[in-house]
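Worksheet for the structure shown next.
Remember, it's 1-based here, ligands and their atoms both numbered in the order they're listed. The residues of the chain are indexed from 1 along the displayed sequence.
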Amino acid sequence: MEQQNPKITVRDCRAWYGPQQVLKEVNLDVYPQEILAIIGPSGCGKSTFLRCLNRLNDLHRTFRLQGRVLIDAEDIYRRDINLAALRQNVGMVFQHPNPFPMSIFDNVAFGVRESSDAKNLGKILLAQIVEQALRRANLWDEVKDKLHTSGLLLSGGQQQRLCIARVLAVKPAVVLLDEPCASLDPASTAHIEELLQDLRRHYTIIIVTHNLGQARRISDRIAFFLNGRLIEHGVTASLLVKPRCQETEDYLNGNFG
Ligand SMILES: Nc1ncnc2c1ncn2[C@@H]1O[C@H](COP(=O)(O)OP(=O)(O)OP(=O)(O)O)[C@@H](O)[C@H]1O
Ligand SMILES: [Mg+2]
């Protein structure tokens, strides 16, 4: 994997909310077609790190970042970056499914309609994009006969797959997921894990999870954060079985967090 060019390169990344430093000298490369799991105790900076990768932290007035984040070797913090295009390319799925209060179809079409070249899209092409995204999110068979009912009427697990379809519809290269299964039952969680395995072939995926079993089942590599530092990262099986750092071992043994 590491012979390929990284999709994402993070160098000496430091971040603050006001006076509080929450990320400290983070260096990490993430490769195409891998699933990287981010683990670590609550408050260690996992979500903040994820949001650095599509500049969602910029929405917080007191947020400040130093260092470099490159996607396809391009600095995403340069002044003239197109933020809407960045956030399409680096899609995000959150802890609680958050469908918009509109139909299943409109949820998936939403980002496509917002995008700059949507004006030239005919109805048929839009319907094809929606179908393809729902198929990719393993939801099509369950919703194909009720595309015009509200997304809010779906089960929690279906809603989360709808949110994944909404992200996929705008053709991202990177998909970030922040504890996407935290509010789901075991069957829905298994469904999402299976889906992520299918998606790995097409995307670079980073998932934050508190569930070490989930990290073991689905990730190629794991990054362990503690107090804003990236303590270590490595191939999933090696890191879980034989971590290099004492802090990682303590976390894996449930000694904190
Ligand atoms: N918008 C914000 N304004 C100020 N401080 C924030 C903000 N968001 C996060 N923080 C602080 O930054 C630190 C890192 O938070 P972050 O949400 O990244 O942690 P996390 O590892 O995702 O935790 P959890 O596992 O609980 O989701 C915490 O101390 C948190 O209080
Ligand atoms: Mg978090």
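Classified by interplanar angle (parallel below 30°, tilted 30° to 60°, perpendicular above 60°), the ring pair Phe49/Phe225 is tilted.
Closest protein heavy atom to atom 28 (C) of ligand 1: Gly43 O, 3.8 Å. Among all protein heavy atoms, the one lying closest to atom 16 (P) of ligand 1 is Thr48 OG1, 3.6 Å. Remark: minimum distance from atom 13 (C) of ligand 1 to any protein heavy atom is reached at Val22 CG1, 3.5 Å. Closest to atom 6 (C) of ligand 1 among all protein heavy atoms lies Tyr17 CD1, 3.2 Å. Of the protein's non-hydrogen atoms, Ser42 OG, 3.6 Å is the one closest to atom 24 (P) of ligand 1. For atom 17 (O) of ligand 1, the closest heavy atom belonging to the protein is Ser47 CB, 3.8 Å.
Within a 6.0 Å radius of CD1 in Ile124, no more than 12 heavy atoms belonging to other residues, nucleotides or ligands are found. Open room surrounds CZ on Arg68; 12 or fewer heavy atoms of other groups in view lie less than 6.0 Å from it. For CZ of Arg78, the number of neighbouring non-hydrogen atoms (other residues, nucleotides, ligands) closer than 6.0 Å is greater than 12.
Those atoms of ligand 1 that come under 4.0 Å of a heavy atom in His60, given as number and element, are 1 (N). Near Glu179, the atoms of ligand 1 lying under 4.0 angstrom from a non-hydrogen atom of the residue are 25 (O), 27 (O).
For residue Ser47, an N/O/S atom approaches the Mg ion (ligand 2) to within less than 2.8 Å.
When non-hydrogen atoms are compared, ligand 1 lies under 4.0 Å from the backbone of Lys46 as well as from its side chain.
Ligand 1 is approached by Gln20 to a heavy-atom distance shorter than 4.0 Å. Not close to ligand 1: Gly40, with no non-hydrogen atom less than 4.0 angstrom away.
Between Arg200 and Asp220 there is a salt bridge, since a side-chain N of the basic residue sits under 4.0 Å from a carboxylate O of the acidic one.
In this structure, Ser47 and Asp178 approach most closely via the heavy-atom pair OG-OD2, 2.6 Å. The two residues Ala215 and Ile39 have their closest heavy-atom pair at CB-CG2, 4.3 Å.
Remark: atom 30 (C) of ligand 1 lies closer than 4.0 Å to no protein heavy atom. Atom 26 (O) of ligand 1 lies below 4.0 Å from at least one non-hydrogen atom of the protein.
In this structure, Arg64 fails the cation-pi test against Tyr17, since its NZ or CZ atom is not both closer than 6.0 Å to the six-membered ring centre and inside 45 degrees of the ring normal.
Under the 4.5 Å side-chain criterion, counting only non-hydrogen atoms from C-beta, Val90 is in contact with Ile71.
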